[in-house]
Amino acid sequence: MRGTPRTRRIPRPALGVLIGVTALFTAGTLATPAGAAPEPGPSPARVHSVPASAQQQARDFWTPERMRSAVPLDLLDADARSTDAAPRAGRPATVAPTVPTAGTADVGPAAFPNGGGAWTGGGAVVNTAGRVFFTYQGRTASCSGNAVTSANKSTVITAGHCVKLEGAWHTDWVFVPGYHDGQAPHGRWTATKTLSTPQWTASEDINYDVGAAVVAPLDGQRLTDVVGGQGLAFNTGYNLRMYAFGFPAAAPYDGQKFIYCSGTTNRDFLLSNDHGMGCDMTGGSSGGPWFTQFNEATGTGLQSSVNSFKYNFLPNRMYGPYFGADAQNLYQAAQSS
């Protein structure tokens with residue numbers, strides 16, 4: 001591994017790289033959110049606690065103007081990231097979505113495959129997914145994230161580099177589900193804890209670029225009681241039909257629109273063991289959810305990865321980490337916090 005990689009300003013989709021580093025995560029038995037034991041083997045997730053005073057500061061800090069002006073972090077070179085062995089495997093496991101009862105959307109089928117376009121299908125995903133905002137090296141920045149079914153009803157899944165990068169945990173961290181045009185229709189949810197896999201925390205290994213946050217109650221309510229929670233799937237293999245979502249903010253996008261890609265994935269054969277999908281999303285989409293078993297009519301699915309990085313010579317292909325035993329362990333640590 002080279003020394004600490006330098007960041008650089010994002011030229012037009014310059015893509016050598018980990019996307020969105022801020023600007024830019026049914027086989028087997030059902031895993032119940034409460035009390036489900038993590039698979040043996042993976043190391044404990046790393047946890048960063050946020051003091052109550054900092055939580056209030058973050059909520060006050062993110063005005064509509066600051067959210068509109070937040071920019072993606074500079075992209076990082078994929079070949080500057082360390083990679084470890086393939087993600088640890090475990091038994092296939094799924095967690096079911098928990099979303100408010102609603103009728104199906106009155107829309108036609110979305111294009112599949114799709115390399116990047118506005119999501120017009122509605123459904124639960126427009127509420128569970130949102131933008132993540134934080135301060136990184138003194139700069140306001142953004143990623144994407146998604147609320148998931150959890151025992152604490154307060155868990156958000158995102159990318160590892162959307163919670164910690166180059167040795168420092170991000171500050172002023174908030175999740176804005178259903179974001180659009182500088183608005184927070186469901187409120188700004190501040191992190192009480194941010195978490196990542198031990199491999200990302202220690203060496204920024206792109207195989208383990210998965211992060212999570214536990215958010216504080218807002219106006220006496222917990223996150224998924226307000227917006228619902230998507231399901232999850234772990235250790236379910238490669239070469240799957242998947243949908244990816246996010247809020248890309250680097251050109252040609254501006255962070256104000258909810259974008260999706262879809263296609264049959266393959267396993268990366270270059271520097272990682274990630275899923276790969278044809279997708280032109282740019283910086284700001286990092287941390288946005290990838291779903292298997294996605295139902296277009298209801299907007300629900302099983303989250304199985306997150307937007308993570310691109311190679312500079314494959315600008316229209318996105319990669320997302322495999323949700324193996326360590327990603328499952330991270331989820332268990334977050335939902336039990």
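- For K153 (side chain) and Q221 (main-chain N/O), no donor-acceptor pair under 3.5 Å exists by modelled atom type.
- Proximity of V156 to L223: side-chain heavy atoms (C-beta onward) are separated by under 4.5 Å at one or more points.
- Sorted by first and then second residue, the disulfide (SG to SG under 2.5 Å) pairs involving residues 178-238 (not counting sequence neighbours) form an empty list.
- Side-chain atoms of F234 and Y331, non-hydrogen and from C-beta on, do get closer than 4.5 Å to each other.
- Residues N235 and Q328 are in side-chain contact: their nearest non-hydrogen atoms beyond the backbone lie under 4.5 Å apart.
- Annotation: side chain of F309 is not in contact with side chain of D209 (no heavy-atom distance under 4.5 Å).
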Practice task
Give the C-alpha distance, both sets of side-chain angles, the deciding distance and a yes or no for side chain to side chain donor-acceptor pair (under 3.5 Å) between N114 and S262.
Solution key: CA-CA 5 Å; N114 184 66; S262 62; 5.3 Å; no
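- Atoms CZ and CH2, from F258 and W119 in turn, are 8.5 Å apart once rounded to the nearest 0.5 Å.
- Judged by distance alone, the side chain of S154 and the main-chain N or O of V214 form no donor-acceptor pair under 3.5 Å.
- Taking every heavy atom of both residues into account, F313 and P315 meet most closely at C-CD, 3.4 Å.
- Across every non-hydrogen atom of W200 and H161, the tightest pair is CZ2-CB, 3.3 Å.
- In this structure, CZ in R66 is found 8.5 Å from OG1 in T135, a value given to the nearest 0.5 Å.
- At least one donor-acceptor pair closer than 3.5 Å links the side chain of Y311 to the backbone N or O of L271.
- Side-chain contact of T197 with D326: a donor-acceptor pair under 3.5 Å is absent, judged by distance alone.
- In this structure the side chain of T140 reaches within 4.5 angstrom of the side chain of F61, judged on heavy atoms.
- The side-chain contact (heavy atoms from CB on, under 4.5 Å) check on Q56 picks up R59, D60, with sequence neighbours excluded.
- Side-chain contact between Y319 and L314 is present, with heavy atoms from C-beta onward closer than 4.5 Å.
- Taken to the nearest 0.5 Å, the CZ atom of F175 stands 9.0 Å off from the OG atom of S144.
- Here the side chain of W173 pairs no donor or acceptor atom with the backbone of V132 at under 3.5 angstrom.
- Nearest heavy-atom pair, G301 versus Q230, reported as atom, atom and distance to 0.1 Å: N-OE1, 2.9 Å.
- The backbone N or O of A96 lies less than 3.5 Å from a partner atom in the side chain of T149, making a donor-acceptor pair.
- With sequence neighbours left out, R188 forms a side-chain hydrogen bond (donor to acceptor under 3.5 Å, both in side chains) with no residue at all.
- Within a 6.0 Å sphere centred on NZ of K193, other residues, nucleotides and ligands contribute 12 heavy atoms or fewer.
- H186 and L218 make their closest contact through O-CD2, 4.0 Å (heavy atoms, listed as atom of the first residue, atom of the second, distance).
- A side-chain donor-acceptor contact under 3.5 Å links D254 to the backbone of Q256.
- Residues in residues 268-308 take part in these disulfide (SG to SG under 2.5 Å) pairs, two or more places apart or across chains: C261-C279.
- At least one side-chain heavy atom of P97 sits less than 4.5 Å from a side-chain heavy atom of L302.
- In this structure, K310 and R317 have side chains that are not in contact, with every pair of non-hydrogen atoms separated by 4.5 Å or more.
- By the ring-ring contact (aromatic ring centres under 6.0 Å, His included) test, F291 is found to be paired with F245, F294, residues two or more places apart in sequence or in another chain being considered.
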Practice task
Report the C-alpha distance between T201 and K164 in whole Å, list the side-chain angles of each, state the deciding distance to 0.1 Å, and finish with yes or no for side chain to side chain contact (heavy atoms under 4.5 Å, CB included).
Solution key: CA-CA 7 Å; T201 303; K164 186 176 188 290; 3.8 Å; yes
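- The closest donor-acceptor contact from the side chain of E204 to the backbone of E166 lies under 3.5 Å.
- No donor-acceptor distance shorter than 3.5 angstrom exists from the side chain of D205 to the backbone of Q199, with no hydrogens or angles considered.
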Exercise for the section: Quick one: do V176 and M67 satisfy side chain to side chain contact (heavy atoms under 4.5 Å, CB included)? Show the steps, please. Expected result: CA-CA 10 Å; V176 183; M67 288 191 292; 3.9 Å; yes
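- A distance below 6.0 Å separates the ring centres of F133 and Y179.
- Atom-to-atom distance recorded for N316:CG and M281:CE is 12.0 Å, nearest 0.5 angstrom.
- The two residues R131 and A249 come nearest to each other via the heavy atoms NH2-CB, 4.1 Å.
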Practice task
Kindly indicate, with the supporting measurements, whether the criterion side chain to side chain contact (heavy atoms under 4.5 Å, CB included) is fulfilled by M242 and M277.
Solution key: CA-CA 8 Å; M242 298 179 79; M277 179 194 299; 3.7 Å; yes
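- For the pair Q335 (side chain) and A151 (backbone), a donor-acceptor distance under 3.5 Å is present.
- Looking only at atom types and distance, the side chain of S150 has a donor-acceptor partner in the side chain of N152 under 3.5 Å away.
- Between S272 and D268 the shortest heavy-atom distance is OG-OD2, 2.6 Å.
- Between the side chains of N295 and T300, no donor-acceptor pair of N or O atoms lies under 3.5 Å.
- Summarising the geometry, atom CG belonging to N239 is positioned 6.5 Å from atom CG belonging to N266; distances are rounded to the nearest 0.5 Å.
- With hydrophobic clusters built from ILVMFWY side chains whose heavy atoms lie under 4.5 angstrom apart, V50 does not share a cluster with I157.
- At a cut-off of 3.5 Å, with distance as the only test, a side-chain donor of Y253 or D280 sits close to an acceptor on the other residue.
- In terms of the ring-ring contact (aromatic ring centres under 6.0 Å, His included) criterion, residue partners of Y238 (sequence neighbours excluded) are, by chain and number, H275, Y322.
- Taking CZ from F134 and CZ from R139, the interatomic distance works out to 10.0 Å, rounded to the nearest 0.5 Å.
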